[in-house]
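Encoded as structure tokens, the structure appears first; notes follow it.
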Amino acid sequence: MYARGLQKLSLVDFPETMCATVFLAGCNFRCPYCHNPDLVLRSPGLPWISEEELLQFLEEREGFIDGVCVTGGEPTLEPDLPAFLARVKARGLKTKLDTNGTRPDVLARLLEHGLLDYIAMDVKAPRDKYRRVTRSRVDPGVLEASIRLVQQSQVPYEFRTTVVPGLLSADDVEAIARWITGAGKYVLQPYLPPRRTLDEKWRKRPPCPRSYLERLACRVAHLVVRVEVRGGDRNLP
């Protein structure tokens with residue numbers, strides 16, 4: 001397995017865990033607002049970091065970090081992901097997976113073998129808007145399978161939605177919350193225009209104010225166990 005990026009220390013990617021974050025390339029979605037276009041499109045300019053290099057790094061950081069977050073792109077597209085996570089776990093480190101939920105078969109295998117300590121699954125839109133938001137063909141039934149796997153597992157988890165003005169409405173966010181009714185944790189994140197987006201037109205879109213997300217959180221709080229607003233500027237109009 002080759003990673004295409006490595007953040008050597010993160011205090012925010014893995015709840016209550018100091019971790020290294022490993023970035024894998026390739027994604028089966030084409031969300032126009034994506035802030036990692038190089039990873040999605042497997043840019044040749046990205047570094048190539050072998051599995052051996054990653055494991056050597058983790059060995060050198062023994063005692064300084066407690067876990068590894070694997071993100072992307074979409075990590076479940078990587079055939080060698082289970083073997084890599086097993087080798088990470090063998091070193092006594094916790095593992096977190098970021099996923100878009102399109103590979104429930106992979107997710108089930110990782111859970112079956114005890115290779116995950118935390119799951120963050122993006123739920124990008126309500127069922128009827130998924131193709132529009134992700135610009136990809138996606139079967140909502142596949143996403144449904146992943147949602148149920150996550151909810152029924154014994155692994156701590158969160159579902160999360162990036163709220164993009166003009167793409168997701170308040171009604172859409174409520175529809176998502178109804179889809180994941182009873183979820184232990186639902187995170188609302190604001191769209192903040194990055195330096196680069198997959199579709200460059202989206203860099204000109206307005207950011208999403210934190211105050212708006214807080215109102216949304218109140219609206220959907222009765223549908224989930226816990227709703228959290230992560231990031232954003234409350235002072236934005």
Side-chain angles (χ1 to χ4, degrees), residues 12-16 27-35 69 71-72 74 76 96-104 107-108 111 116 118-193 202 205-234 236:
V12 298
D13 287 334
F14 196 152
E16 301 179 3
C27 187
N28 47 1
F29 283 168
R30 291 296 182 267
C31 307
Y33 57 88
C34 178
H35 65 283
C69 171
T71 188
E74 174 47 44
T76 59
K96 172 181 178 256
L97 176 70
D98 291 346
T99 181
N100 63 20
T102 55
R103 300 290 303 279
L107 187 56
L111 289 168
L116 298 176
Y118 197 94
I119 304 167
M121 177 177 162
D122 291 312
V123 185
K124 302 202 178 268
R127 292 178 181 88
D128 60 344
K129 290 186 72 171
Y130 240 90
R131 290 192 179 189
R132 176 186 168 193
V133 170
T134 66
R135 295 186 178 178
S136 307
R137 292 185 177 275
V138 57
D139 177 2
V142 169
L143 302 171
E144 178 86 27
S146 288
I147 289 170
R148 299 306 160 223
L149 276 170
V150 171
Q151 287 184 310
Q152 292 167 12
S153 77
Q154 301 302 309
V155 174
Y157 68 86
E158 64 187 51
F159 296 110
R160 57 193 187 187
T161 299
T162 299
V163 180
V164 185
L167 194 60
L168 290 181
S169 68
D171 287 346
D172 290 332
V173 173
E174 182 174 346
I176 295 170
R178 290 189 181 282
W179 195 6
I180 61 170
T181 294
K185 184 176 179 182
Y186 182 35
V187 178
L188 298 176
Q189 303 176 145
Y191 173 71
L192 300 173
W202 283 76
R205 292 280 179 136
C208 181
R210 181 181 175 92
S211 56
Y212 175 65
L213 295 187
E214 290 171 344
R215 292 195 296 272
L216 287 180
C218 291
R219 177 170 172 171
V220 305
H222 66 290
L223 295 169
V224 296
V225 175
R226 176 184 171 194
V227 60
E228 175 183 314
V229 174
R230 185 175 293 161
D233 186 344
R234 187 178 285 105
L236 287 171

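For the pair R210 and R230, the tightest heavy-atom approach, listed with the atom from each and the gap, is NH1-C, 4.2 Å. Among all heavy-atom pairs drawn from A170 and R219, the shortest one is CB-NH1, 3.3 Å. Summarising the geometry of Y191 relative to P165, their closest heavy-atom pair is CB-CD, 4.1 Å, with the distance given to 0.1 Å. Closest approach of R135 to P32, counting heavy atoms only: CZ-CB, 3.5 Å. Between L223 and E174, the shortest heavy-atom contact is CD1-O, 4.0 Å. Considering every non-hydrogen atom in both A183 and V224, the closest pair reads O-CB, 3.5 Å.
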For this session: For I176 and F159, run side-chain contact (heavy atoms from CB on, under 4.5 Å): C-alpha distance rounded to whole Å, both residues' side-chain angles, the deciding distance at 0.1 Å, then the answer.
Result: CA-CA 10 Å; I176 295 170; F159 296 110; over 6 Å; no
- Message: Applying side-chain contact (heavy atoms from CB on, under 4.5 Å) to L168 and K124, what does each step give before you reach the verdict?
- Response: CA-CA 9 Å; L168 290 181; K124 302 202 178 268; over 6 Å; no
(request) Decide side-chain contact (heavy atoms from CB on, under 4.5 Å) for V155 and L111; before the verdict, give the C-alpha distance in whole Å, the side-chain angles of both, and the deciding distance to 0.1 Å. (result) CA-CA 8 Å; V155 174; L111 289 168; 3.7 Å; yes
(message) Could you walk me through whether C69 and D98 satisfy the side-chain contact (heavy atoms from CB on, under 4.5 Å) test, starting with their C-alpha distance in whole Å, then the side-chain angles of each, then the deciding distance to 0.1 Å, before giving a yes or no?
(response) CA-CA 7 Å; C69 171; D98 291 346; 3.7 Å; yes
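Here the CG-CZ distance, from N28 to R137, works out to 14.0 Å after rounding to the nearest 0.5 Å. For the atom pair E144 CD and I180 CD1, the distance stands at 11.0 Å (nearest 0.5 Å). M121 CE to L107 CG: the interatomic distance, rounded to the nearest 0.5 Å, is 8.0 Å. Atoms CG and SG, from N100 and C31 in turn, are 8.0 Å apart once rounded to the nearest 0.5 Å. Interatomic distance, Y157 OH to L97 CG, rounded to the nearest 0.5 Å: 15.5 Å. Remark: Q152 CD to I147 CD1 distance equals 11.5 Å, nearest 0.5 Å.
Taking the side chain as every heavy atom from C-beta outward, C208 and L213 approach each other to under 4.5 Å. Between P193 and P207 there is a side-chain heavy-atom pair separated by less than 4.5 Å. Side-chain atoms of D122 and T162, non-hydrogen and from C-beta on, never get closer than 4.5 Å to each other. Side-chain contact between L188 and Y212: absent, with no pair of heavy atoms (C-beta onward) separated by less than 4.5 Å. Looking at heavy atoms from C-beta onward, P104 lies in side-chain contact with V142 at the 4.5 angstrom threshold.
Using a cutoff of 4.0 Å between basic side-chain nitrogens and carboxylate oxygens, K129 and D171 are not scored as salt-bridged.
Judged by distance alone, with hydrogens and angles left aside, the side-chain atoms of K96 form a donor-acceptor pair with the main-chain N or O of D13 at under 3.5 Å. E214 places no side-chain N or O within donor-acceptor distance of the main-chain N or O of V229, the cut-off being under 3.5 Å.
Side-chain contact of T161 with Q189: a donor-acceptor pair under 3.5 Å is absent, judged by distance alone.
Ring geometry for F29 against Y130 counts as tilted: the plane angle lies between 30° and 60°, on a 0 to 90° scale.
When the options T71, T76, V150 are evaluated for a side chain to side chain contact (heavy atoms under 4.5 Å, CB included) with T99, the one that passes is T76.
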